[in-house]
Number of protein chains: 2
Amino acid sequence: MAERRSERLAQIVGAARALLEERGPDALTMRSVAETLGIRAPSLYKHVPDKADLETAIVADGLAEMADVHAAAIAGHPDPLLALAQTYRAWALHHPHLYRLMTAKPLDRDRLPEGLEDRAAAPIVDACGGDPDRARAAWAFAHGMVSLELADRFPPDADLGAAWSAGIDAYRPMEVSADPPR
Amino acid sequence: MAERRSERLAQIVGAARALLEERGPDALTMRSVAETLGIRAPSLYKHVPDKADLETAIVADGLAEMADVHAAAIAGHPDPLLALAQTYRAWALHHPHLYRLMTAKPLDRDRLPEGLEDRAAAPIVDACGGDPDRARAAWAFAHGMVSLELADRFPPDADLGAAWSAGIDAYRPMEVSADPPR
DNA sequence: GTCTATATCAAGATAGAC
DNA sequence: GTCTATCTTGATATAGAC
(Lines give C-alpha, C1' and ligand atoms only; values in the text may rest on other atoms or scores of the structure.)
Protein backbone atom coordinates (compact mmCIF):
# COMPACT_ATOMS: atom_id res chain seq x y z
CA MET A 1 0.00 0.00 0.00
CA ALA A 2 2.73 2.42 0.89
CA GLU A 3 4.78 1.31 -2.12
CA ARG A 4 4.39 2.67 -5.59
CA ARG A 5 1.04 2.00 -7.15
CA SER A 6 0.18 0.61 -10.50
CA GLU A 7 -1.60 2.97 -12.82
CA ARG A 8 -4.71 0.86 -12.54
CA LEU A 9 -4.74 1.02 -8.77
CA ALA A 10 -4.47 4.80 -8.88
CA GLN A 11 -7.45 4.89 -11.21
CA ILE A 12 -9.44 2.69 -8.87
CA VAL A 13 -8.70 4.83 -5.83
CA GLY A 14 -9.48 7.96 -7.81
CA ALA A 15 -12.79 6.60 -9.01
CA ALA A 16 -13.67 5.44 -5.51
CA ARG A 17 -12.90 8.81 -3.98
CA ALA A 18 -14.91 10.63 -6.63
CA LEU A 19 -17.85 8.34 -6.04
CA LEU A 20 -17.69 8.86 -2.29
CA GLU A 21 -17.40 12.62 -2.56
CA GLU A 22 -20.06 13.09 -5.18
CA ARG A 23 -22.65 10.57 -4.17
CA GLY A 24 -21.96 9.66 -0.55
CA PRO A 25 -20.86 6.58 1.35
CA ASP A 26 -23.79 4.39 0.30
CA ALA A 27 -22.86 4.90 -3.33
CA LEU A 28 -19.34 3.70 -2.69
CA THR A 29 -19.78 0.07 -3.70
CA MET A 30 -17.41 -2.24 -5.48
CA ARG A 31 -19.93 -2.48 -8.29
CA SER A 32 -20.10 1.30 -8.81
CA VAL A 33 -16.37 1.71 -8.71
CA ALA A 34 -16.02 -0.97 -11.34
CA GLU A 35 -18.76 0.49 -13.47
CA THR A 36 -17.06 3.90 -13.44
CA LEU A 37 -13.98 2.25 -14.91
CA GLY A 38 -15.96 0.20 -17.40
CA ILE A 39 -15.16 -3.15 -15.84
CA ARG A 40 -16.95 -5.66 -13.59
CA ALA A 41 -16.73 -5.72 -9.82
CA PRO A 42 -14.86 -9.02 -9.46
CA SER A 43 -12.01 -7.60 -11.55
CA LEU A 44 -11.26 -5.07 -8.82
CA TYR A 45 -10.11 -7.85 -6.55
CA LYS A 46 -7.07 -8.40 -8.76
CA HIS A 47 -5.88 -4.96 -7.64
CA VAL A 48 -7.35 -4.46 -4.18
CA PRO A 49 -7.70 -7.13 -1.48
CA ASP A 50 -11.03 -5.85 -0.18
CA LYS A 51 -13.20 -2.81 0.29
CA ALA A 52 -11.61 -1.83 3.61
CA ASP A 53 -8.25 -1.50 1.89
CA LEU A 54 -9.76 0.70 -0.76
CA GLU A 55 -11.27 2.95 1.89
CA THR A 56 -7.93 3.20 3.66
CA ALA A 57 -6.33 4.33 0.41
CA ILE A 58 -8.98 7.05 0.10
CA VAL A 59 -8.36 8.14 3.69
CA ALA A 60 -4.62 8.33 3.02
CA ASP A 61 -5.37 10.53 0.01
CA GLY A 62 -7.48 12.88 2.10
CA LEU A 63 -4.98 13.01 4.94
CA ALA A 64 -2.15 13.96 2.62
CA GLU A 65 -4.26 16.64 1.00
CA MET A 66 -5.32 18.09 4.35
CA ALA A 67 -1.71 18.09 5.54
CA ASP A 68 -0.64 20.16 2.53
CA VAL A 69 -3.56 22.56 2.70
CA HIS A 70 -3.09 23.23 6.40
CA ALA A 71 0.65 23.58 6.20
CA ALA A 72 0.18 26.19 3.48
CA ALA A 73 -2.49 27.97 5.49
CA ILE A 74 -0.35 28.64 8.55
CA ALA A 75 2.90 29.35 6.70
CA GLY A 76 3.90 32.92 7.42
CA HIS A 77 0.43 33.86 8.56
CA PRO A 78 0.20 36.54 11.28
CA ASP A 79 -2.66 34.70 13.00
CA PRO A 80 -2.00 31.01 12.34
CA LEU A 81 -4.70 29.78 14.68
CA LEU A 82 -7.37 31.76 12.88
CA ALA A 83 -6.04 30.83 9.46
CA LEU A 84 -5.97 27.16 10.40
CA ALA A 85 -9.48 27.22 11.83
CA GLN A 86 -10.90 28.81 8.70
CA THR A 87 -9.06 26.41 6.44
CA TYR A 88 -10.06 23.38 8.50
CA ARG A 89 -13.70 24.32 8.39
CA ALA A 90 -13.68 25.17 4.71
CA TRP A 91 -11.95 21.95 3.71
CA ALA A 92 -14.28 19.77 5.76
CA LEU A 93 -17.36 21.52 4.42
CA HIS A 94 -16.13 21.05 0.86
CA HIS A 95 -15.45 17.35 1.40
CA PRO A 96 -18.14 16.23 3.83
CA HIS A 97 -18.23 12.53 2.96
CA LEU A 98 -14.48 12.22 2.75
CA TYR A 99 -14.06 14.11 6.02
CA ARG A 100 -16.42 11.72 7.75
CA LEU A 101 -14.65 8.68 6.38
CA MET A 102 -11.39 10.14 7.67
CA THR A 103 -12.62 10.77 11.20
CA ALA A 104 -15.46 8.41 12.07
CA LYS A 105 -13.50 5.24 12.58
CA PRO A 106 -10.05 4.11 13.67
CA LEU A 107 -7.18 4.70 11.29
CA ASP A 108 -5.85 1.52 9.79
CA ARG A 109 -2.33 2.61 10.70
CA ASP A 110 -0.73 -0.57 9.37
CA ARG A 111 -1.88 0.21 5.87
CA LEU A 112 -1.22 3.96 6.03
CA PRO A 113 2.01 5.51 4.69
CA GLU A 114 4.61 5.95 7.41
CA GLY A 115 4.52 9.37 9.05
CA LEU A 116 1.34 10.55 7.35
CA GLU A 117 -0.69 10.84 10.53
CA ASP A 118 1.98 13.02 12.13
CA ARG A 119 2.31 15.13 9.02
CA ALA A 120 -1.43 15.81 9.06
CA ALA A 121 -1.32 16.74 12.75
CA ALA A 122 1.74 18.96 12.55
CA PRO A 123 0.05 22.22 11.48
CA ILE A 124 -2.32 22.07 14.46
CA VAL A 125 0.50 21.37 16.88
CA ASP A 126 2.47 24.25 15.36
CA ALA A 127 -0.45 26.65 15.66
CA CYS A 128 -0.77 25.68 19.32
CA GLY A 129 2.83 26.51 20.08
CA GLY A 130 3.98 22.91 20.20
CA ASP A 131 1.84 21.81 23.15
CA PRO A 132 0.32 18.46 22.14
CA ASP A 133 -2.43 18.48 24.79
CA ARG A 134 -3.57 21.92 23.81
CA ALA A 135 -3.35 20.85 20.17
CA ARG A 136 -5.61 17.86 20.81
CA ALA A 137 -8.10 20.07 22.60
CA ALA A 138 -8.05 22.51 19.70
CA TRP A 139 -8.46 19.68 17.21
CA ALA A 140 -11.39 18.32 19.21
CA PHE A 141 -13.01 21.74 19.15
CA ALA A 142 -12.61 22.10 15.40
CA HIS A 143 -13.70 18.53 14.76
CA GLY A 144 -16.70 18.97 17.04
CA MET A 145 -17.79 22.16 15.30
CA VAL A 146 -17.37 20.66 11.87
CA SER A 147 -19.03 17.35 12.58
CA LEU A 148 -22.01 18.95 14.31
CA GLU A 149 -22.33 21.33 11.37
CA LEU A 150 -22.07 18.51 8.84
CA ALA A 151 -24.62 16.50 10.77
CA ASP A 152 -26.89 19.53 10.87
CA ARG A 153 -27.12 19.10 14.63
CA PHE A 154 -26.91 22.73 15.77
CA PRO A 155 -30.21 24.51 16.33
CA PRO A 156 -31.35 26.26 13.16
CA ASP A 157 -30.83 29.71 14.68
CA ALA A 158 -27.27 29.08 15.95
CA ASP A 159 -24.64 31.61 14.88
CA LEU A 160 -21.81 29.28 13.96
CA GLY A 161 -19.43 32.07 13.06
CA ALA A 162 -19.78 33.42 16.57
CA ALA A 163 -19.28 29.97 18.09
CA TRP A 164 -16.09 29.51 16.06
CA SER A 165 -14.82 32.89 17.24
CA ALA A 166 -15.57 32.04 20.85
CA GLY A 167 -13.70 28.77 20.52
CA ILE A 168 -10.71 30.20 18.70
CA ASP A 169 -10.33 32.94 21.29
CA ALA A 170 -10.31 30.30 24.01
CA TYR A 171 -7.28 28.62 22.49
CA ARG A 172 -5.18 31.72 22.04
CA PRO A 173 -2.12 32.34 24.18
CA MET A 174 -3.22 33.79 27.56
CA GLU A 175 -2.05 37.39 27.01
CA VAL A 176 -4.31 37.75 24.01
CA SER A 177 -7.24 35.77 25.37
CA ALA A 178 -7.26 37.87 28.57
CA ASP A 179 -8.26 40.78 26.37
CA PRO A 180 -12.08 40.65 26.11
CA PRO A 181 -13.47 40.62 22.53
CA ARG A 182 -15.49 43.78 23.06
CA MET B 1 -45.06 10.48 19.37
CA ALA B 2 -45.03 13.22 21.97
CA GLU B 3 -48.35 12.01 23.39
CA ARG B 4 -48.76 9.26 25.92
CA ARG B 5 -47.55 5.89 24.77
CA SER B 6 -49.22 2.57 24.87
CA GLU B 7 -47.53 -0.03 27.04
CA ARG B 8 -46.58 -1.97 23.95
CA LEU B 9 -44.92 0.99 22.34
CA ALA B 10 -42.84 1.60 25.46
CA GLN B 11 -41.74 -2.04 25.35
CA ILE B 12 -40.76 -1.70 21.71
CA VAL B 13 -38.70 1.43 22.30
CA GLY B 14 -37.08 -0.17 25.33
CA ALA B 15 -36.17 -3.29 23.43
CA ALA B 16 -34.82 -1.25 20.55
CA ARG B 17 -32.67 0.89 22.81
CA ALA B 18 -31.31 -2.16 24.60
CA LEU B 19 -30.47 -3.80 21.30
CA LEU B 20 -28.70 -0.69 20.05
CA GLU B 21 -26.73 -0.21 23.24
CA GLU B 22 -25.72 -3.81 23.70
CA ARG B 23 -25.08 -4.92 20.15
CA GLY B 24 -24.61 -1.77 18.10
CA PRO B 25 -26.44 -0.04 15.27
CA ASP B 26 -26.24 -2.93 12.80
CA ALA B 27 -28.05 -5.16 15.27
CA LEU B 28 -30.90 -2.69 15.51
CA THR B 29 -33.22 -4.23 12.94
CA MET B 30 -36.97 -4.54 12.96
CA ARG B 31 -36.54 -8.31 13.01
CA SER B 32 -34.35 -8.29 16.13
CA VAL B 33 -36.60 -5.89 17.97
CA ALA B 34 -39.56 -8.08 17.24
CA GLU B 35 -37.70 -11.23 18.20
CA THR B 36 -36.77 -9.71 21.55
CA LEU B 37 -40.47 -9.24 22.24
CA GLY B 38 -41.42 -12.67 20.96
CA ILE B 39 -43.33 -11.42 17.94
CA ARG B 40 -42.70 -11.06 14.19
CA ALA B 41 -41.30 -7.98 12.50
CA PRO B 42 -44.42 -7.00 10.55
CA SER B 43 -46.38 -6.76 13.81
CA LEU B 44 -44.25 -3.79 14.86
CA TYR B 45 -45.77 -1.71 12.13
CA LYS B 46 -49.06 -1.67 14.01
CA HIS B 47 -47.32 0.39 16.69
CA VAL B 48 -44.60 2.30 14.87
CA PRO B 49 -44.86 3.84 11.41
CA ASP B 50 -41.30 3.03 10.40
CA LYS B 51 -37.79 2.50 11.65
CA ALA B 52 -36.87 6.18 11.54
CA ASP B 53 -39.65 6.91 13.99
CA LEU B 54 -38.40 4.22 16.31
CA GLU B 55 -34.91 5.68 16.21
CA THR B 56 -36.27 9.12 16.99
CA ALA B 57 -38.01 7.69 20.06
CA ILE B 58 -34.70 6.23 21.21
CA VAL B 59 -32.96 9.56 20.66
CA ALA B 60 -35.65 11.31 22.70
CA ASP B 61 -35.06 8.81 25.48
CA GLY B 62 -31.34 9.49 25.48
CA LEU B 63 -31.76 13.25 25.30
CA ALA B 64 -34.06 13.27 28.31
CA GLU B 65 -31.68 11.10 30.26
CA MET B 66 -28.69 13.28 29.41
CA ALA B 67 -30.63 16.40 30.38
CA ASP B 68 -31.34 14.96 33.83
CA VAL B 69 -27.84 13.66 34.41
CA HIS B 70 -26.22 16.92 33.42
CA ALA B 71 -28.62 19.09 35.36
CA ALA B 72 -27.85 17.03 38.46
CA ALA B 73 -24.11 17.23 37.81
CA ILE B 74 -23.89 21.01 37.82
CA ALA B 75 -26.43 21.61 40.60
CA GLY B 76 -24.63 23.25 43.50
CA HIS B 77 -21.24 22.18 42.24
CA PRO B 78 -18.33 24.54 43.00
CA ASP B 79 -16.80 23.90 39.57
CA PRO B 80 -19.76 23.30 37.26
CA LEU B 81 -17.69 23.32 34.07
CA LEU B 82 -15.44 20.57 35.33
CA ALA B 83 -18.33 18.57 36.74
CA LEU B 84 -20.20 18.85 33.47
CA ALA B 85 -17.21 17.86 31.38
CA GLN B 86 -16.58 14.77 33.46
CA THR B 87 -20.23 13.78 33.39
CA TYR B 88 -20.54 14.40 29.67
CA ARG B 89 -17.55 12.23 28.92
CA ALA B 90 -18.58 9.45 31.27
CA TRP B 91 -22.13 9.28 29.95
CA ALA B 92 -21.02 9.19 26.32
CA LEU B 93 -18.44 6.51 27.01
CA HIS B 94 -21.03 4.39 28.79
CA HIS B 95 -23.53 4.73 25.94
CA PRO B 96 -21.37 4.85 22.81
CA HIS B 97 -23.91 3.62 20.28
CA LEU B 98 -26.71 5.68 21.72
CA TYR B 99 -24.51 8.76 21.86
CA ARG B 100 -23.64 8.35 18.21
CA LEU B 101 -27.26 7.93 17.20
CA MET B 102 -28.03 11.13 19.12
CA THR B 103 -25.35 13.24 17.47
CA ALA B 104 -24.50 11.87 14.05
CA LYS B 105 -27.55 13.03 12.14
CA PRO B 106 -30.10 15.82 12.19
CA LEU B 107 -32.68 15.77 14.95
CA ASP B 108 -36.14 14.98 13.72
CA ARG B 109 -37.47 17.95 15.63
CA ASP B 110 -41.04 17.47 14.43
CA ARG B 111 -41.24 14.11 16.19
CA LEU B 112 -39.34 15.16 19.32
CA PRO B 113 -41.14 16.26 22.49
CA GLU B 114 -41.50 20.04 22.69
CA GLY B 115 -38.68 21.74 24.57
CA LEU B 116 -36.52 18.64 24.92
CA GLU B 117 -33.63 19.94 22.84
CA ASP B 118 -33.46 23.12 24.92
CA ARG B 119 -33.68 21.15 28.15
CA ALA B 120 -30.73 19.01 27.10
CA ALA B 121 -28.71 22.10 26.15
CA ALA B 122 -29.51 24.10 29.30
CA PRO B 123 -26.81 22.69 31.61
CA ILE B 124 -24.06 23.57 29.14
CA VAL B 125 -25.39 27.07 28.65
CA ASP B 126 -25.61 27.47 32.43
CA ALA B 127 -22.06 26.26 32.96
CA CYS B 128 -20.90 28.80 30.37
CA GLY B 129 -22.51 31.69 32.18
CA GLY B 130 -25.42 31.99 29.78
CA ASP B 131 -23.41 32.86 26.67
CA PRO B 132 -24.84 30.71 23.87
CA ASP B 133 -21.88 31.11 21.51
CA ARG B 134 -19.42 30.11 24.19
CA ALA B 135 -21.72 27.25 25.12
CA ARG B 136 -21.75 25.98 21.55
CA ALA B 137 -17.98 26.18 21.40
CA ALA B 138 -17.75 24.24 24.67
CA TRP B 139 -20.23 21.67 23.42
CA ALA B 140 -18.25 21.28 20.22
CA PHE B 141 -15.08 20.71 22.24
CA ALA B 142 -16.71 18.07 24.42
CA HIS B 143 -18.40 16.42 21.46
CA GLY B 144 -15.17 16.45 19.49
CA MET B 145 -13.22 14.87 22.34
CA VAL B 146 -15.84 12.23 22.91
CA SER B 147 -16.43 11.34 19.31
CA LEU B 148 -12.74 11.09 18.51
CA GLU B 149 -12.29 8.92 21.59
CA LEU B 150 -15.24 6.71 20.66
CA ALA B 151 -13.93 6.40 17.14
CA ASP B 152 -10.52 5.53 18.52
CA ARG B 153 -9.05 8.28 16.36
CA PHE B 154 -6.52 9.77 18.77
CA PRO B 155 -2.97 8.43 18.52
CA PRO B 156 -2.45 5.49 20.88
CA ASP B 157 -0.08 7.49 23.10
CA ALA B 158 -2.32 10.54 23.51
CA ASP B 159 -3.02 11.66 27.08
CA LEU B 160 -6.73 12.33 26.86
CA GLY B 161 -7.03 13.46 30.45
CA ALA B 162 -4.49 16.17 29.75
CA ALA B 163 -6.29 17.19 26.57
CA TRP B 164 -9.58 17.48 28.46
CA SER B 165 -7.90 19.64 31.09
CA ALA B 166 -6.39 21.88 28.46
CA GLY B 167 -9.77 22.31 26.84
CA ILE B 168 -11.68 22.89 30.05
CA ASP B 169 -9.21 25.52 31.18
CA ALA B 170 -9.67 27.31 27.88
CA TYR B 171 -13.40 27.72 28.54
CA ARG B 172 -13.17 28.98 32.09
CA PRO B 173 -14.01 32.58 32.97
CA MET B 174 -10.90 34.67 32.32
CA GLU B 175 -9.94 35.39 35.93
CA VAL B 176 -9.83 31.72 36.81
CA SER B 177 -8.14 30.45 33.66
CA ALA B 178 -5.23 32.82 34.20
CA ASP B 179 -4.64 30.98 37.46
CA PRO B 180 -2.71 27.75 36.75
CA PRO B 181 -4.37 24.57 38.10
CA ARG B 182 -1.54 23.64 40.45
C1' DG C 1 -52.72 -7.09 17.16
C1' DT C 2 -50.74 -10.91 15.44
C1' DC C 3 -49.55 -14.02 11.75
C1' DT C 4 -47.55 -15.97 6.95
C1' DA C 5 -46.08 -14.96 2.56
C1' DT C 6 -43.90 -11.99 -0.27
C1' DA C 7 -42.15 -7.89 -2.89
C1' DT C 8 -38.10 -5.43 -3.52
C1' DC C 9 -33.69 -4.46 -3.23
C1' DA C 10 -28.63 -4.70 -2.82
C1' DA C 11 -24.33 -5.73 -0.86
C1' DG C 12 -19.16 -8.16 -0.62
C1' DA C 13 -16.74 -11.70 -2.18
C1' DT C 14 -15.12 -16.28 -4.59
C1' DA C 15 -14.58 -20.00 -8.37
C1' DG C 16 -13.07 -20.96 -12.45
C1' DA C 17 -13.01 -20.12 -17.60
C1' DC C 18 -10.57 -17.40 -21.09
C1' DG D 1 -6.55 -8.93 -15.95
C1' DT D 2 -10.95 -9.57 -17.30
C1' DC D 3 -15.17 -12.11 -17.58
C1' DT D 4 -19.76 -14.85 -16.15
C1' DA D 5 -22.05 -17.23 -12.76
C1' DT D 6 -22.89 -17.72 -8.23
C1' DC D 7 -22.85 -17.90 -3.08
C1' DT D 8 -24.29 -15.83 1.01
C1' DT D 9 -26.38 -12.60 3.47
C1' DG D 10 -29.78 -9.52 5.07
C1' DA D 11 -32.64 -5.46 5.19
C1' DT D 12 -37.58 -2.47 5.23
C1' DA D 13 -41.96 -2.81 4.36
C1' DT D 14 -46.83 -4.29 2.51
C1' DA D 15 -50.99 -7.42 1.61
C1' DG D 16 -54.27 -9.86 3.41
C1' DA D 17 -55.91 -13.76 6.43
C1' DC D 18 -57.27 -14.73 11.21
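Computation of the quantities below employed the complete heavy-atom set of this structure, encompassing side-chain atoms and omitting hydrogens, waters and symmetry-equivalent molecules. Protein chains get the first letters and strands the later ones, always in sequence-line order, with residue 1 at the start of each.
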Calculate the interatomic distance between [X] atom [atom1] and [N] atom [atom2]; express it in whole Å.
| X | N | atom1 | atom2 | value |
| --- | --- | --- | --- | --- |
| B:Glu55 | D:dA11 | CD | C1' | 13 Å |
| A:Arg8 | D:dG1 | CZ | P | 9 Å |
| B:Met30 | C:dT2 | CE | C1' | 15 Å |
| B:Leu44 | C:dT4 | CG | P | 14 Å |
| A:Ile12 | C:dG12 | CD1 | P | 14 Å |
| A:His47 | C:dA13 | NE2 | C1' | 17 Å |
| B:Asp26 | D:dA11 | CG | P | 9 Å |
| A:Asp50 | C:dT14 | CG | C1' | 13 Å |

Across the strands shown, which category fits [X] at heavy-atom distances under 4.0 angstrom: base, sugar-phosphate, nothing?
| X | answer |
| --- | --- |
| B:Thr29 | sugar-phosphate |
| A:Arg31 | base |
| A:Lys46 | base |

Problem set entry | B:Arg40 side chain near C:dG1 phosphate (N/O to OP1/OP2, under 4.0 Å) | no
For this session: For C:dC3, take OP1 and OP2 only and decide whether either is under 4.0 Å from a side-chain N or O of B:Ser43.
Result: yes
Exercise. So, do B:Trp139 and A:Phe154 have ring centers that fall under 6.0 Å from each other?
Worked result: yes
Exercise. With a 6.0 Å cut-off on ring centres, are A:Tyr99 and A:His143 close enough?
Worked result: yes
Problem set entry | Aromatic ring pairing B:His70/B:Tyr88, orientation class (parallel under 30°, perpendicular over 60°, tilted between) | parallel
Seminar exercise, completed: Which of D:dT12, D:dT2, C:dG12 is nearest the side chain of B:Lys51? It is D:dT12
For this session: Could you tell me whether the side chain of A:Thr56 and the main chain of A:Ala52 form a donor-acceptor pair under 3.5 Å?
Result: yes
Exercise. Taking NZ, NE, NH1 and NH2 as the nitrogens, is one of them in A:Glu21 or A:Arg17 under 4.0 Å from a carboxylate oxygen of the other?
Worked result: yes
